[in-house]
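If you're wondering where the values come from, they're calculated on a predicted model, not measured in any experiment. We're numbering straight along the sequence, starting at 1.
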Amino acid sequence: MADLMEMLREGLPSEAVVTDPDVMGSYANDMASFCEAGTPAVVVLPRSVEQVQHVMRTATALRVPVVPQGARTGLSGAANASDGCIVLSLIKMDRILEINPVDRIAVVEPGVVNAVLSRAVAEHGLYYPPDPSSWEECTIGGNIGTASGGLCCVKYGVTAEYVLGLDVVLADGQLLKTGRRTAKGVAGYDMTRLFVGSEGSLGIVVRAVLALKPAPPQQLVLAAEFPSTAAASDAICKIMESGHTPSLLELMDRTSVHAVNTMTNMGLPDSTEALLLAGFDTPDPAADLAAVGELCTAAGATEVVPAETAAESDLLLQARRQTLPALEAVKGVTMIDDVCVPRSQLGTMIDGVAAIAEKYGLTIGVVAHAGDGNTHPTVCFDPSDPDETRRARESFDEIMALGLELGGTITGEHGVGVLKREWLARELGPVGVELQRGIKQVFDPLGLLNPGKLFV
C-alpha cells in the first residue's frame with residue numbers, strides 16, 4: 001500500500017489522490033441494486049492524459065486492479081469498486097476541447113456532462129442526440145463505456161453511432177488513437193466501436209471525437225390513452241410500419257401510469273392501461289402528429305391529445321419523466337431492467353412482465369422506448385424484507401429470460417456490469433464468450449481493468 005501511494009503521488013498532485021475512507025466510500029458503487037461493491041485502496045482524480053497514463057503504469061507495475069468511473073449514474077454495477085483497487089474517476093477531465101460546425105464534430109474529455117455538451121453545441125446550431133435520462137449528471141465517458149441510449153434513439157440512434165474516434169490509455173499506460181475526424185473512414189478493424197460499450201474493461205477513454213447533427217426543428221408531442229397493452233402495441237406497429245420516423249415514441253404501462261397519478265395527481269383516467277407518447281421534430285410536426293393520431297384511434301385509443309406548442313409538449317412528457325420517482329415512492333427501492341425485444345414482441349413482453357409481477361406478488365412497472373423495443377421493467381421492493389428482496393431478484397431473472405425467449409437481448413443501453421454477468425454468457429453462448437475473453441486478454445493480459453465485470 002505504501003508503495004502504491006508513493007508511486008501515484010510521483011505523477012499526481014496531492015489533491016488528486018484520495019485516501020479518506022469516508023470520501024472513498026462515496027466512490028464505491030453506482031446506482032444499481034443487487035451488485036456487490038468492494039473497498040478501494042485509493043481514489044484518483046486525474047486532470048490530464050499524462051496523469052491517467054501514470055496511474056495505469058503504476059497499476060501495471062504493482063499489479064493493482066483499476067476501476068474507471070464517470071458520474072456513477074449507471075444501473076448495472078459496472079462502476080463498482082473491487083477490494084484493494086484504484087478507483088480512477090475521470091470527472092475532473094471535463095473540458096470541451098473543440099466544436100467544429102463545418103466538420104460537425106465535437107472533441108471532448110470523458111468527464112464532460114452530457115447536458116453541458118448538448119447546450120454548448122446548440123449555441124452553434126448543432127445537436128448531439130444521445131440523451132440518457134440522467135443526461136444532467138452522466139458523463140460522455142460513462143455514456144461511451146455503457147453505450148448509452150435515450151428517448152431519441154428511435155430516430156437518431158445510440159451513443160455508438162456518434163463516436164468517430166477515441167484516445168484510449170491502455171492497461172500498460174500506452175496511448176492508443178482509434179477512428180477518425182472525417183465523415184467516412186474504413187481503414188482496418190473498427191477499434192472505436194470495440195471500446196464503445198466495453199465498460200472500461202479494455203482501456204481508459206481519455207478523449208472522444210463525436211459526430212454532431214444540425215439542430216432539428218422544435219419537437220411537438222402527442223399523448224394517446226389505450227384500454228389495453230395490445231391496442232397500444234398495435235398502434236406502435238402501425239406507426240413504424242407506415243414509415244413514420246418519430247423523434248420519440250414512449251410507452252407507459254398501467255402500473256407506471258397509476259404510480260405517476262398517485263404521486264402527482266395528473267388526473268390520468270384510472271381506465272388507462274397504456275399511455276403512448278409520440279414526438280416529431282420534422283418541418284411539419286403537426287401534420288405528422290395528426291397522421292399518427294389517426295393510427296392510434298384506429299388501433300383503439302380512447303383519447304388522443306396532440307400538443308400545439310413546445311410548452312404543451314413538455315406538459316405531456318411530464319408523466320414519462322416522473323415515472324421513476326413515482327415507482328421509487330411505491331416501496332423506496334427499485335431495480336431497473338432494460339431488456340430490449342423486437343418491436344413486434346413489445347406487447348407480449350409487457351404482458352409477460354405483468355404476469356411475472358402477479359406470480360411474485362410484486363409491483364413491477366414498465367416504461368419502454370417503444371420505437372426501438374427497449375423496455376424498462378422496474379421492480380419495486382422493500383430491501384429490509386428478505387423474502388420480498390428474494391422475490392425481486394427472482395422476478396428480475398425471469399424478466400431477462402422472457403426477453404431472450406422473445407428474440408431480444410438482456411440489455412439495450414444500461415450494460416452488463418455485475419448485474420447481468422451470468423445472463424451475458426447465456427445470450428452469447430460458449431463460442432461468443434470465448435472470443436470475447438480472447439479480446440479482453442489482448443488488451444488487458446494481466447486482468448487489471450475493471451475486473452469482475454461483464455464475465456463470470
Side-chain angles (χ1 to χ4, degrees), residues 15-16 18 22-33 35 37-38 40 42-49 51-52 55 66-82 85-97 106 108-121 128-151 158-160 162-163 166 168-169 195-201 203-208 210 321 324-325 328 334 336 338 376 411 413-419 449-450 453:
E15 66 272 13
V18 178
D22 292 333
V23 176
M24 289 198 298
S26 67
Y27 288 86
N29 54 273
D30 61 19
M31 297 178 68
S33 301
C35 295
V42 61
V43 173
V44 296
L45 296 100
R47 291 182 178 271
S48 70
V49 174
Q51 289 177 5
V52 175
V55 172
V66 176
V67 175
Q69 288 184 351
R72 304 185 305 283
T73 57
L75 293 164
S76 69
N80 284 13
S82 55
C85 76
I86 299 170
V87 164
L88 177 56
S89 173
L90 298 158
I91 57 173
K92 299 295 185 182
M93 296 179 65
D94 60 356
R95 294 179 299 161
I96 298 174
L97 302 172
V108 305
E109 292 183 327
V112 172
V113 171
N114 185 294
V116 171
L117 175 64
S118 296
R119 294 182 183 116
V121 302
Y128 180 67
D131 61 343
S133 58
S134 59
W135 78 305
E136 292 282 6
E137 304 168 80
C138 64
T139 62
I140 296 299
N143 295 167
I144 291 170
T146 57
S148 297
L151 300 185
V158 296
T159 296
Y162 294 88
V163 182
L166 295 170
V168 182
V169 175
F195 284 100
V196 179
S198 66
E199 301 182 16
S201 65
I204 311 297
V205 172
V206 291
R207 192 166 296 166
L210 305 174
R321 291 177 179 141
L324 183 55
E328 287 175 340
T334 58
I336 306 171
D338 77 314
H376 291 302
T411 176
E413 57 189 11
H414 291 173
V416 175
V418 175
L419 190 61
L449 286 169
N450 219 5
K453 313 300 166 52

Original post:
Between OG1 of T139 and CG of L117, what distance do you get to the nearest 0.5 Å?
Top reply: 11.5 Å
**OP:** Starting at CG of L88, measure out to OH of Y27 and round the result to the nearest 0.5 Å.
**Re:** 11.5 Å
Subject >> The single option from V108, V205, V116 passing side-chain contact (heavy atoms from CB on, under 4.5 Å) against I140 >> reply: V108
**OP:** For T159 and S148, indicate whether the former's side chain and the latter's backbone hold a donor-acceptor pair under 3.5 Å.
**Re:** yes
Subject >> E199 CD to L449 CG distance, which is reported to the nearest 0.5 Å >> reply: 13.0 Å
**OP:** For the residue pair L324 and I336, establish whether any side-chain heavy-atom pair is separated by less than 4.5 Å.
**Re:** yes
**OP:** Begin from the C-alpha positions of D94 and V113 and carry the test side chain to side chain contact (heavy atoms under 4.5 Å, CB included) through to its verdict.
**Re:** CA-CA 7 Å; D94 60 356; V113 171; over 6 Å; no
**OP:** Please name the pair of heavy atoms, one in C85 and one in A81, separated by the smallest distance, quoted to 0.1 Å.
**Re:** SG-CB, 4.0 Å
**OP:** Evaluate the ring planes of H414 and H376, with Trp represented by its six-membered ring, and classify them as parallel (under 30°), tilted (30 to 60°) or perpendicular (over 60°).
**Re:** parallel
Subject >> Side-chain (N143) to main-chain (C138) donor-acceptor, under 3.5 angstrom >> reply: no
Subject >> Euclidean distance, R47 CZ relative to M93 CE, rounded to 0.5 Å >> reply: 10.5 Å
**OP:** Please confirm whether the backbone N or O of T334 pairs with a side-chain atom of S33, one donor and one acceptor, at under 3.5 Å?
**Re:** yes
Subject >> Heavy-atom closest contact (P68 atom, V66 atom, distance) >> reply: CD-O, 3.6 Å
Original post:
Which heavy atom of G70 sits nearest a heavy atom of S89, and at what distance?
Top reply: O-OG, 4.4 Å
**OP:** Write down the atom of A120, the atom of I96, and the distance for their closest heavy-atom approach.
**Re:** CB-CD1, 3.7 Å
Subject >> Test log, rule side chain to side chain contact (heavy atoms under 4.5 Å, CB included), inputs F195 and V163 >> reply: CA-CA 10 Å; F195 284 100; V163 182; over 6 Å; no
Subject >> pair M24-V87: side-chain heavy atoms closer than 4.5 Å >> reply: no
Original post:
So, the side chain of R72 versus the backbone of S26: is there a donor-acceptor pair under 3.5 Å, distance only?
Top reply: yes
Original post:
Roughly how far, to the nearest 0.5 Å, is CD of E137 from CG of N114?
Top reply: 11.5 Å
Original post:
Is a side-chain donor or acceptor of E413 paired with a backbone partner of G150 at a separation under 3.5 angstrom?
Top reply: yes
Subject >> Separation between NZ of K453 and SG of C35, rounded to the nearest 0.5 Å >> reply: 9.0 Å
Subject >> Stepwise side chain to side chain contact (heavy atoms under 4.5 Å, CB included) test for L166 and I144 >> reply: CA-CA 10 Å; L166 295 170; I144 291 170; 4.0 Å; yes
Original post:
For the residue pair S76 and G415, what are the closest heavy atoms and their distance?
Top reply: CB-O, 3.6 Å
**OP:** Return the minimal non-hydrogen interatomic distance between A147 and V196, and the atom names on each side.
**Re:** CB-CG1, 4.0 Å
Original post:
Under 4.5 Å between any side-chain heavy atoms of L90 and V52, yes or no?
Top reply: yes
Original post:
Just wondering, do N80 and D30 contact through their side chains at under 4.5 Å, heavy atoms?
Top reply: yes
